[in-house]
Every structure is written in C-alpha cells, then in structure tokens.
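See structure below.
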Protein chains: 2
Amino acid sequence: MRPRRANSREKILAAAADVAREAGPGSLSLEAVASRAGVSKGGLLYNFPTKAKLMQGLVESYLSDFQKALEARAAEAGHESVLSAYIKLSADDCEQPKPSASWMFSAIAEDPDFLTPIKAFKRQLFQRLKEETDDLGSLLVCFLAIEGMRSMNLFDSDVLSEEERALLVASLLKIAG
Amino acid sequence: MRPRRANSREKILAAAADVAREAGPGSLSLEAVASRAGVSKGGLLYNFPTKAKLMQGLVESYLSDFQKALEARAAEAGHESVLSAYIKLSADDCEQPKPSASWMFSAIAEDPDFLTPIKAFKRQLFQRLKEETDDLGSLLVCFLAIEGMRSMNLFDSDVLSEEERALLVASLLKIAG
DNA sequence: TTGACAAGACCGTCCAGCCGGTACAGTAAG
DNA sequence: CTTACTGTACCGGCTGGACGGTCTTGTCAA
C-alpha cells in the first residue's frame, strides 16, 4: 500500500491541478502530469490506471477537502450558521487570484458525468442550508451569489475589484443574518 | 459574398453548439460539426479556416445575440432598470433545461483566452449597472446571484427546483427595486 | 531472491489542417 | 449562342503529430 519514496498519489493529484491551471485545461495530458509530478508515465498509470480514474481522484480529493474545510469553519466559535461559514470559506477561496480548480474543465471535456458527485454535494449542502433557515428567498440569493463568486473565480474573471468583493461578502453575511 | 445555397456559416455555428451540448464539449471535432451541419470538412474549413476561428465565431455570435436580447428587453415598456431586464433575460435563458453554451468548455479547453471578450463584455455590463444605481451592495448581490444562476445552468446542475428559481428571481427583482 | 513498483519505448486511434479536385455562376470575346 | 476563362463555394482523402494506454524491462527494499 505504502509508496516507496513519498505519497505519489497526492503529488500526482497536485501536479494535475497545477498543469491544468498553468498550461490550460486542454493541455492536461498524462505525460504532462507525470512530468510535473516527477514521476514516469508508467508510474502515473500505476497509481491511476486510466485518465478517467485520475479525474475521479481529482473530484474526490476536491470534495473531501472542501467538506473538511467547511466542517472546520462551521465548528469555529462565532459562527451562528453553516451559511455564514460557507460564505466566509468561499470568500477566502476566492481570495486566490489563480483559480485552483481549472482541472474541472478538463474533467468536463473528458466526460461531463465526472461532475455528478459535485452536483450531488451541492444539492446536499443546499438541503442542509434550507433546514437551517426559514427565509428561503434570502438563502437562495446568498447561495446563488456565492455560486456566482466561485464561478467567476473559476473562469478567472476579474470583473470585481478587491473592495467590491469585500462589500459583496459583507452584504451576504448581512442577508444571511 | 453571398453563399450559394444557404448561410453555411450560421448552420455551422448552430451545429457546433448542438454537438457540444449533445455529444459533450470534449467531442467537438471538426468532422462532427461538419457532419452535423450537413457540410463536408472541407466546406467547414472554407468558412472557418481554423478550429480557433470557429470558437471565435461562436463567442462573437453568442455575444451579439446576448447584446441584442438585452437591448430589446431594456427597451420594453415596464422595465425601470437595465438590471431588471438582465435578471428577467437570465431567468428566461435558464428556463431551458439544456445548457445552450456548452461549447464554452470546448473553447476553454482549446485556449482560455477565447473567453476574454466575454469577460470584457461582463465588465462593461457591470459598469453600466453600477452607473444606474447608488446601492452598490445590492447590485453586487444581484449581479453575482445571476452569475450563479447562469453558471448552474451552464454546468447543468439541477440543484434548484422550478419554484425555487422563481422565488429567487422574485427576490432578486425585489432587491433590484 | 523476490515482488512491489517505476521507467519509457511502443502501438493504435483520433483529429486538425492541407490539398487536389468538382460544380457552378458570371463574364466576355468570337 | 457558344466557348473559354475566372472566382466562389464546397468536397473528401491524406498525413503528420499528439495522446491514451500497454508491455517489457529495470530497480530497490525487505
């Protein structure tokens, strides 16, 4: 089970995300990823027998990281709601000027179904948020606005300035109550 | 200047969007588009000398269609603001169960820079909306929420029900004033 | 020695772009 | 009217290259 030198799996996953971000989602080839990860193509295929498995791994690690981060935020003192935690987490995620999830585009190009777990996750999150509030209208606005913020970051759209994003987050937190 | 039988250019553009939507953004090959458009590969290459030019054409026609639709909405009686027009237009766009712009993913895979005109367009639109209101916070929330709605439609995420989307739109229109 | 794992040459497939051809409309000289 | 010529619109086979995935060989820790 244990890799010989280090944890190749995670190195490969990180390398894949890097390649997609820096060389563009269309340039995510197995060779590029292997090279970036300091691993041979054979080594990569040993860990991920197929490109599809690699994509799947990307999605799974993304989701588990997100879940962990959200849980951590929600458990922090001073958060009156999961929605607030989600807003703040997303705000921080979107601080990074570089989109960290360009690999999603590669995954979609490979097969749109790779996003199914992400959709399911979002549905589940939305459900959880719905149970928390009785003002569905406000929740919808907040939830979609966060979605919009995340999508802008994903597409690397620098439409909003730093101050505008801060104001947006403040407004959302106010709406969230 | 005039095409002999019909307007191949538009047929090809429509075919490309169809292929991306139905076969997936990763399957947008020139042959597939040509076949779908009822045109040979050579004919396609005659109209769009390069795949890049095809993508560019897709972006341009998308943008000009959008601009036209927005202008039409804004000119309609009963619209007190461009923001309201934008909200309603986006709501209608997202009515369609099938995302009409999957080709964007193909374009990104080809080269992320293809989206530059779209980003510029959005910046311009946001600027215009800013000049229209004095409540920047509300505008930000609305603008981003619409962005979120559009992105959900693009990713074909059926997280929201019909009623929820209607409620969202109503809430946004209320915020927009 | 052995077996878990890595290396990279290799193969089949797919696709963008090229190129030589075809069909036809217009024009204009004979 | 006819023949010859020109430019436009389109066709489809070909090829060179890239990429995913396999296979054989190498290597190192136990």
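Just so it is clear: chains get the letters A, B, ... in the order the sequence lines come, proteins before strands, and each one is counted from 1.
At a non-hydrogen distance threshold of 4.0 Å, B:Val39, B:Ser40, B:Gly42, B:Gly43, B:Tyr46, B:Asn47 from residues 33-49 of chain B come into contact with DNA chain D.
Here C:dT13 presents its C1' atom at 15 Å from CG of A:Leu30, a figure rounded to the nearest Å. For the pair A:Lys53 NZ and D:dG20 P, the interatomic distance rounds to 17 Å; values are reported in whole Å. Rounding to whole angstrom units, NZ of residue B:Lys51 and P of D:dA18 are separated by 16 Å. Distance, A:Arg9 CZ to C:dC5 C1': 15 Å, rounded to whole Å. As rounded to whole Å, 8 Å separates atom P of C:dA16 from atom CE of B:Met55. For B:Ile12 and D:dC10, the CD1 to C1' distance is 10 Å, given to the nearest whole Å. Distance B:Leu54 CG to C:dC15 P: 15 Å, rounded to the nearest Å.
Of the residues A:Val19, A:Val33, A:Val59, A:Ile108, the one that meets the side chain to side chain contact (heavy atoms under 4.5 Å, CB included) test with A:Trp103 is A:Val59.
Ionic pairing of A:Glu164 and B:Lys130 is present here: one or more N-O contacts between side-chain nitrogen and carboxylate oxygen are shorter than 4.0 angstrom. A salt bridge links B:Arg123 with A:Asp158: the distance from a Lys NZ or Arg NE/NH1/NH2 to an Asp or Glu carboxylate oxygen falls below 4.0 Å.
Residue A:Leu28 is classed as a sugar-phosphate contact, given heavy-atom separations below 4.0 Å to backbone atoms only.
In this model, the phosphate group of D:dA18 is not approached by any side-chain N or O of A:Ser29 to a distance below 4.0 Å at OP1 or OP2. The side chain of A:Ser8 contributes an N or O atom lying less than 4.0 Å from OP1 or OP2 of C:dA6. The phosphate of D:dG20 has neither OP1 nor OP2 within less than 4.0 Å of any side-chain N or O from A:Thr50.
B:Ser171 has its side chain out of reach of A:Ser138: every pair of non-hydrogen atoms, C-beta onward, lies at least 4.5 Å apart.
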Does the ring-ring contact (aromatic ring centres under 6.0 Å, His included) test come out yes or no for A:Phe105 and A:Phe155, once each step is laid out? CA-CA 10 Å; A:Phe105 296 127; A:Phe155 283 96; 5.3 Å; yes
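The local environment of CG in A:Asp65 is crowded, with over 12 non-hydrogen atoms from other residues, nucleotides or ligands closer than 6.0 Å. Heavy-atom neighbours of A:Glu132 CD from other residues, nucleotides or ligands within 6.0 Å: above the threshold of 12.
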